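To start, the structure under review is shown below, and the notes come after it.
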There are 2 protein chains.
Amino acid sequence: MTKKQQPMALTPGEIEVMQVLWEQGELKPTEIEERFPRPIKNAALRFQLKTLLEKGHVTRRKEGKAYLYQAVTQREGAFKKMTRRLAESFCQGSTAGLIAELIKSEELSPSEIKELQELAAQRGAKTKSSRRRESK
Amino acid sequence: MTKKQQPMALTPGEIEVMQVLWEQGELKPTEIEERFPRPIKNAALRFQLKTLLEKGHVTRRKEGKAYLYQAVTQREGAFKKMTRRLAESFCQGSTAGLIAELIKSEELSPSEIKELQELAAQRGAKTKSSRRRESK
DNA sequence: TAGTTTCTGTAGGATAACCTACACTTTATC
DNA sequence: GATAAAGTGTAGGTTATCCTACAGAAACTA
């Protein structure tokens with residue numbers, strides 16, 4: 001009777017790799033290694049890719065003698081999952097509470113605050129009908 | 001040559017315990033167990049308390065035959081650390097970027113948006129009026 | 001074709017995180 | 001004291017995370 005301990009959706013090390021794939025698209029391990037934000041040994045990187053593949057967060061296809069890796073799990077989904085966890089841990093599950101605490105606690109420049117105000121205003125205006133527009 | 005793998009500041013299991021201590025103050029293991037958001041075996045809880053004690057996140061003092069545990073690490077500090085990690089992973093380290101993405105991606109009720117707008121407005125006013133804040 | 005380079009597959013090991021079991025200590029009760 | 005109840009300390013085990021090493025396979029070059 002072994003109690004299963006479910007693995008984290010994305011571990012810190014895995015997120016580092018996914019980050020590169022989310023930005024760059026389809027890459028070979030060597031290319032990921034080059035674009036990596038810190039020095040990483042090829043073998044260590046490949047370990048992360050292997051577990052990401054097993055967990056289904058990436059796919060790969062052969063090209064020449066190497067594989068091209070591509071993200072399956074989307075950045076937005078992963079982001080939501082992690083913010084959700086944070087909100088549950090610290091804010092009784094309320095995303096609004098999480099945002100509020102962030103606004104209160106962190107140092108934000110006046111221009112950043114202004115932008116956030118505008119963003120909230122936009123967001124408030126289109127809660128109902130109105131199609132969403134691209135922009136930024 | 002063994003490369004050290006530094007432990008997480010607060011693991012998910014540890015946060016659960018700290019959450020109770022942050023809310024309730026000083027408690028005995030049994031009391032924590034009663035207030036715990038999910039069923040937990042006393043021994044499992046005590047394991048968490050032990051590691052929290054070793055890491056210095058809690059202290060304890062004897063009362064009767066049991067110990068009273070109290071948080072040392074403050075909720076705000078832990079919260080900041082975790083949001084910082086998230087911002088670094090997903091938003092190039094920008095807290096404002098993190099907040100923006102939360103506002104955009106999550107479902108917020110109109111009233112919540114209004115509150116956030118007001119909060120940002122307050123926050124903006126404060127920064128402007130007392131402009132000699134050197135920050136940090 | 002042989003030789004070299006480059007990439008992959010797999011085994012293995014170290015630490016961390018989580019839980020359980022059981023014996024020991026302390027306190028209260030008789 | 002003797003005893004039971006409640007709380008503690010410690011040893012042990014399983015899974016997860018992270019990294020390394022080395023041998024083999026695939027492609028390129030001569």
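Here the structure is a predicted model, which is why all the values come from computation and not from measurement. Here is how names work: the chains are called A, B, and so on, in the same order as the sequence lines, proteins then strands, and each is numbered from 1.
Taken residue by residue, residues 22-32 of chain B places no heavy atom nearer than 4.0 Å to DNA chain C. The stretch residues 54-67 of chain A touches DNA chain C through A:Arg60, A:Lys65, A:Ala66, A:Tyr67, each having a heavy atom under 4.0 angstrom from the strand.
The side chain of A:Gln48 contributes no N or O atom lying less than 4.0 Å from OP1 or OP2 of D:dT17.
When every heavy atom of B:Leu53 is checked against every heavy atom of B:Val58, the shortest pair comes out as CD1-O, 3.4 Å.
Closest to the side chain of B:Arg38, out of C:dA17, C:dC19, D:dC19, is C:dC19. Closest contact between the side chain of B:Lys50 and the listed nucleotides D:dT10, D:dC19, C:dC19 involves D:dT10.
When each of A:Tyr69 and A:Phe47 is assigned the nucleotide of DNA chain C bearing its nearest heavy atom, the one mapping closer to the 5' terminus is A:Tyr69.
One can place CG of A:Asn42 at 13 Å from C1' of D:dC19, the figure rounded to the nearest angstrom.
Salt bridge status for B:Glu54 with B:Lys50: present, with a side-chain N to carboxylate O gap under 4.0 Å. Between B:Arg35 and B:Glu31 no salt bridge is recorded (no basic side-chain N to carboxylate O distance below 4.0 Å).
Here the side chain of B:Arg75 pairs a donor or acceptor atom with the backbone of A:Phe90 at under 3.5 angstrom.
In the interface, the side chain of B:Arg46 is paired with the base of D:dG9 through a donor and an acceptor atom under 3.5 Å apart.
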